[in-house]
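Just below is one structure, and these are the notes that go with it.
All values below were derived from every heavy atom in this structure, side-chain atoms included, with hydrogens, water molecules and symmetry-related copies excluded.
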Amino acid sequence: MAGQITPVPEGVLAGEVFGPLGGIVEIGAVSATGTWSVGAASVGELVSRRRDEVGRLLDLVRDIGGFSPATMAIADELGYLREHEVTAPALLLWSGAVEGIPPRLEDLEQRDVVRRMCHMAADVQMTYLLQALVTAAIVSGGDVRQGAARIVDALALASGLADETGRTAPALVFRMWRVAHLPALLRPDAGTPEQGKAAFRAYDQALEALTTGA
């Protein structure tokens with residue numbers, strides 16, 4: 001019906017969440033080395049050491065999207081949270097290829113290049129994660145304030161996984177998301193149905209209040 005939000009399968013919504021989350025744990029594994037060494041990164045070690053935070057984050061994702069156990073199992077099926085090789089080309093993709101592809105791929109493993117890619121990738125994937133969480137919350141329905149509070153908690157946990165130094169925080173992610181994603185959804189010529197626009201605006205206001213105190 002015109003003006004209503006088109007139903008989206010749970011698996012699609014969950015995949016949109018677990019994709020950036022996979023990037024976040026890879027970025028975090030490299031950052032956690034302290035040397036920006038791709039070869040020394042271990043996703044398995046990071047996930048094991050931060051088991052409680054990862055578990056809480058997945059619980060929040062389940063609650064935000066109202067996802068079933070079968071849908072949540074997609075996270076394990078994708079393998080992002082298990083030990084696997086982290087590569088510099090993968091970081092380049094997570095960061096949107098802003099760094100560029102050098103003539104020699106091994107140059108992507110230089111310390112300064114890896115650091116820049118990780119910082120850019122954290123910004124990009126955290127904003128994608130927020131977009132996916134808000135979309136899942138809207139589709140699942142429920143109270144906006146409660147959903148926004150869960151989303152902020154999820155952002156705090158994901159930010160800590162991406163970078164333990166505190167460089168990434170929910171307030172920053174919110175501001176990046178608002179300029180990177182919302183205009184395309186909310187401008188007058190956007191194809192978003194009016195019901196969807198109202199829902200995104202409601203989450204924008206609730207998230208602003210929670211992250212900035214406005």
Can you tell me how far apart [atom1] ([X]) and [atom2] ([Y]) are? Round to the nearest 0.5 Å.
X      : Y      : atom1 : atom2 : result
Gln205 : Arg201 : CD    : CZ    : 9.0 Å
Leu13  : Phe18  : CG    : CZ    : 10.5 Å
Phe174 : Thr211 : CZ    : OG1   : 5.0 Å
Glu77  : Thr71  : CD    : OG1   : 9.5 Å
Leu78  : His84  : CG    : NE2   : 10.5 Å
Leu210 : Ile151 : CG    : CD1   : 9.5 Å

Kindly state each residue pair satisfying salt bridge (charged side-chain N to carboxylate O under 4.0 Å, His left out) with at least one member in [range], sequence neighbours excluded.
range            : value
residues 121-137 : Asp123-Arg167
residues 26-44   : none
residues 93-102  : Glu99-Arg116

Single-linkage hydrophobic cluster, 4.5 Å side-chain cutoff, [X] and [Y] together:
X      : Y      : value
Leu93  : Val30  : no
Tyr128 : Val17  : no
Leu81  : Leu129 : yes
Met126 : Val124 : no

* **Members besides Val98 in its Ile/Leu/Val/Met/Phe/Trp/Tyr cluster (side-chain heavy atoms under 4.5 Å)** =>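 Other cluster members: Met120.
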Ignoring hydrogens and angles, tell me if any N or O in the side chain of [X] forms a donor-acceptor pair with the backbone of [Y] under 3.5 Å.
X      : Y      : result
Glu53  : Leu161 : no
Arg82  : Asp76  : yes
Thr212 : Ala209 : no

Exercise: identify the closest heavy-atom pair between [X] and [Y]:
X      : Y      : result
Leu60  : Ala154 : CD1-N, 3.6 Å
Arg111 : Thr35  : NH1-O, 3.3 Å
Leu207 : Ala148 : CD2-O, 3.8 Å
Ala162 : Ile27  : O-CG2, 3.9 Å
Val25  : Tyr80  : CG2-O, 3.5 Å
Ala88  : Leu108 : CB-CB, 3.6 Å

* Sequence neighbours left out, what pairs pass ring-ring contact (aromatic ring centres under 6.0 Å, His included) with at least one residue falling in residues 52-75? =>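 Qualifying pairs: none.
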* Asked: Under 4.0 Å between a Lys/Arg side-chain N and an Asp/Glu carboxylate O for Lys197 and Glu194?
  ->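 Glu194 and Lys197: salt-bridged.
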Counterpart residues, side chain to side chain donor-acceptor pair (under 3.5 Å), relative to [X] (two or more places apart):
X      : answer
Arg49  : Glu45, Glu164
Ser42  : Glu83
Asp189 : Arg187
Trp36  : none

* Give every residue pair that meets the side-chain hydrogen bond (donor to acceptor under 3.5 Å, both in side chains) criterion with at least one member in residues 149-160, sequence neighbours excluded. =>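 Non-adjacent pairs meeting side-chain hydrogen bond (donor to acceptor under 3.5 Å, both in side chains): zero.
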Only distances under 3.5 Å count here; give the side-chain donor-acceptor pairs of residues 133-140 to other protein atoms, sequence neighbours excluded, each with its distance to 0.1 Å.
from, atom 1, to, atom 2, distance (Å)
Thr135, OG1, Gln131, O, 2.8
Thr135, OG1, Gln131, NE2, 3.4
Ser140, OG, Ile64, O, 3.0
Ser140, OG, Ala136, O, 3.2
Ser140, OG, Ala137, O, 3.0

* Arg115 atom CZ, over 12 foreign heavy atoms within 6.0 Å ->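 Buried by this count: over 12 neighbours within 6.0 Å.
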* Asked: Taking only residues two or more places apart in sequence or in another chain, which ones pass salt bridge (charged side-chain N to carboxylate O under 4.0 Å, His left out) with Glu106?
  ->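 By the salt bridge (charged side-chain N to carboxylate O under 4.0 Å, His left out) rule, Glu106 matches Arg104.
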